[in-house]
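Right, one structure below, let's go through it.
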Amino acid sequence: MKDKKNIKKNVITKLLIGILFIIVINILSSFIHFRIDITSEKRYTLAPATKKILKDLDDIVYFKIYLDGDFPPGFIRLQKETREMLNQFRAYSNKIQFEFTDPSKISNQKQREDFFKQIISEGVNPTELQVKDKDGYSRKLIFPGGVANYKDKKVAIQLIENQSGKNPELALNSAVEALEYNLANSLRKLIGKSKKKIAFVEGHGELPLLYRQGAIADLSEFYVVEKVEIDGKFSSLTKRHPVDEDSTNYFVKNNYDAIIIAKPTEMFSRDEKDKFIIDQYIMNGGKVLWLIDGVRASMDSLQSKSQTVGMSNDLNIDDMLFNYGVRINHNLVTDLNALPIPVVVDNSGTQRMIPWVFMPVLVPTAEHPIVRNVNLIRTEFISSIDTIEVPDLKKTILLSTSQYSKAYNAPVMVKLSYLYEQPDVKQYNQSNLPVSVLVEGKFTSLFRNRIPQEIATAPSIKFLPESENTAMIFVADGDIIKNQVQFTSGSPVALPLGFDKYTQTKFGNSDFILNCIDYLCDDSRLFELRSRKIELRLLDTQKTENKLKWQIINLVIPVAIVILAAIVQYFARKKKYSY
């Protein structure tokens, strides 16, 4: 009898201790947040830059995601990953709220179409899918994105980009890989108290405003975009301030976080003042996106005549670029992977789209975050780039031509008659010619040991012979940042950057330019998230042919193990406590 009382007492004591332990754990867990991520790629661990952004939130951010409804498995996975990522955000900030909605569930057709138009006007582009229902197959619009709202600001989020020719599964996996970056970047845009300032350099025959309006529109969403004419003035790119009122010492501050030199056609000043000013802007940590044509040639020249000659584009900056580790060659690269243009093929005026080898279409293949997951890029009369061995400089090739390329040194005869000739594949034997490169590190001034001592030591100039760590991107085609123009009622209208009016295709030029500037200006290191890789772990279709076998293994065996364990435990306890 006494033993039974002791057993009962022990059971009640253990029960109370267990309840007390659970209460203590729950109280502690409300104050201490942690999780263990055992995935090899740390896919459930937020980057420090993301955590910092979440910590800086001082008001509610409301995400409205339009990715809900009846989807194919790939989109369900994207939906699930998006929900999990937002839940992770919410674990670090109670200012995160979100909602998933299905735009297609509106039964009234007109109201549904109006809602679709509203979503598109917000900046979320749809994807059209063929889905199977009880009546057969039908087309369905899916909006893989949403909108983030914060105070009086709103930004669109596009979770999956249209990537021509890419396997749909890989495209969806790319979307999952870029999920944290896309969502965190939307927060960065919303809470950015002041936009960074960038400028298009003018005064050397750069692209006219009409042809860079597309780029300005895209960049203005995230940056203050200005234009600056250097014209020999030191104050155009940098400001010099005295250390104090009575001091003759100065400190130098750049006026812009980055500058863009877009398709100059005139020589930089012969007295080299403009070059000196750009050089010292770089030495003070300035970032530059160079878009330089190695050869002067354009489709405008072929509008009125059947041929033109591409001549070297002498800008008097070859020595400068060479000093910074690159050489833009004075050649034209032709490529069998080219953009088609409309061509009249008979006397009746019939037009046909024929690939024009002087307009290569670049397929970004590098793993660098600037070009990772970027769509095909449209070019026009592009040149190749060589890199120069310079100590302390790291070079990364961002863009290259296809394996069927060929470069012609200037002067180059460009004839429209080439369109009617069948290209000989054997002649296109210069594969993967580099056309864009990122250079990072400490640059040496072009004017080191080239300027008089009194200038080198003048306190008001504050000459720097070497830069701090900085970066520049070089592209051997100014047309990558040039938008097309369409005449409406006789007036020119700038089309979006990357949109080709002949093929009605939106290329990845806009994303590439935005990524370049984001990379150059991003000091939060958030951009590094774009290089994150998540392994696509798909089922082996060969091994899953016998579905019944795998269903038994996954469903029946675990249940059988639990039942067996319960039976073993039952007999063990019976044996232990029986008299």
Side-chain angles (χ1 to χ4, degrees), residues 29-37 41-65 81-100 122-124 145-159 175-198 218-225 253-258 285 287 369-370 372 468-471 511 514-532 534:
S29 66
S30 65
F31 295 101
I32 303 171
H33 172 76
F34 75 96
R35 61 167 59 197
I36 300 172
D37 186 354
E41 64 268 41
K42 298 297 176 190
R43 63 191 300 176
Y44 299 112
T45 302
L46 295 183
T50 306
K51 292 176 187 174
K52 184 176 184 312
I53 291 173
L54 291 167
K55 189 180 174 184
D56 289 343
L57 293 176
D58 60 1
D59 203 348
I60 298 295
V61 179
Y62 185 76
F63 289 91
K64 189 167 187 178
I65 306 296
E81 296 280 355
T82 306
R83 195 184 296 276
E84 287 186 0
M85 185 61 71
L86 287 171
N87 274 322
Q88 285 188 68
F89 280 20
R90 193 154 58 183
Y92 286 93
S93 172
N94 58 7
K95 300 289 194 301
I96 297 293
Q97 294 183 6
F98 61 87
E99 172 196 4
F100 281 71
E122 289 174 336
V124 181
V147 176
N149 296 273
Y150 176 73
K151 296 181 178 176
D152 57 345
K153 298 179 184 176
K154 178 190 286 189
V155 296
I157 306 163
Q158 192 73 36
L159 296 176
V176 173
E177 289 173 338
L179 200 52
E180 183 180 346
Y181 171 77
N182 282 331
L183 294 175
N185 198 35
S186 68
L187 293 177
R188 182 171 69 99
K189 294 169 190 170
L190 287 170
I191 67 173
K193 292 181 174 60
S194 60
K195 292 181 177 178
K196 294 198 172 186
K197 200 162 70 168
I198 62 174
D218 293 337
L219 291 166
S220 296
E221 193 176 347
F222 312 112
Y223 299 93
V224 175
V225 183
K253 187 177 180 184
N254 285 336
N255 293 340
Y256 303 100
D257 295 285
K287 318 287 175 60
I370 291 177
R372 184 169 166 74
E468 54 188 89
N469 277 322
T470 186
D511 289 336
L514 268 174
N515 286 351
C516 287
I517 296 299
D518 277 350
Y519 185 82
L520 293 176
C521 293
D522 179 23
D523 50 11
S524 69
R525 311 319 301 167
L526 185 66
F527 203 83
E528 292 175 359
L529 286 174
R530 296 213 64 178
S531 61
R532 170 175 284 192
I534 294 177

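Taking NZ of Lys197 as the start and CG of Asn255 as the end, the distance is 6.0 Å to the nearest 0.5 Å. For the atom pair CD1 of Ile96 and CD of Gln88, the computed distance is 12.0 Å after rounding to the nearest 0.5 Å. Here the CZ atom belonging to Phe100 is positioned 5.5 Å from the CG atom belonging to Leu86, to the nearest 0.5 angstrom. Atom-to-atom distance recorded for Ile157:CD1 and Leu179:CG is 9.5 Å, nearest 0.5 angstrom. One finds the CG atom of Leu187 at 13.0 Å from the NZ atom of Lys52 (value rounded to the nearest 0.5 Å). We find the CD1-CD1 distance between Ile517 and Ile198 to be 5.0 Å, quoted to the nearest 0.5 Å.
Electrostatic pairing of Asp58 and Lys151 counts as a salt bridge here, judged by a charged N lying under 4.0 Å from a carboxylate O.
Residues Ile370 and Cys516 approach most closely at CG2-SG, 4.0 Å, considering heavy atoms. Between Gly145 and Val124, the shortest heavy-atom distance links the atoms CA-CG1, 3.9 Å. Closest approach of Asp257 to Lys287, counting heavy atoms only: O-CG, 3.5 Å. Closest approach of Leu190 and Lys154 over heavy atoms only: CD2-N, 4.0 Å. Of all non-hydrogen atoms in Phe222 and Leu514, the two that sit nearest each other are CD1-CD2, 3.6 Å. Pairing each heavy atom of Phe63 with each of Ser186, the nearest pair is CE2-OG, 3.7 Å.
The side-chain heavy atoms of Thr82 and Phe98, taken from C-beta on, include no pair separated by under 4.5 Å. Residues Glu180 and Leu46 form a side-chain contact, since some pair of their non-hydrogen atoms from C-beta on lies under 4.5 Å apart. Side-chain contact between Ile53 and Tyr92: absent, with no pair of heavy atoms (C-beta onward) separated by less than 4.5 Å.
Of the possible polar contacts, none joining the Lys189 side chain to the Val155 backbone as a donor-acceptor pair under 3.5 Å is found. Checked by atom type and distance alone, the side chain of Lys195 pairs as donor or acceptor with a backbone atom of Ser220 at under 3.5 Å.
When the options Lys95, Glu99, Gln97 are evaluated for a side chain to side chain donor-acceptor pair (under 3.5 Å) with Tyr62, the one that passes is Glu99.
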*Go through the steps to decide whether Thr50 and Met85 satisfy the test side-chain contact (heavy atoms from CB on, under 4.5 Å), and finish with yes or no.*
CA-CA 11 Å; Thr50 306; Met85 185 61 71; over 6 Å; no

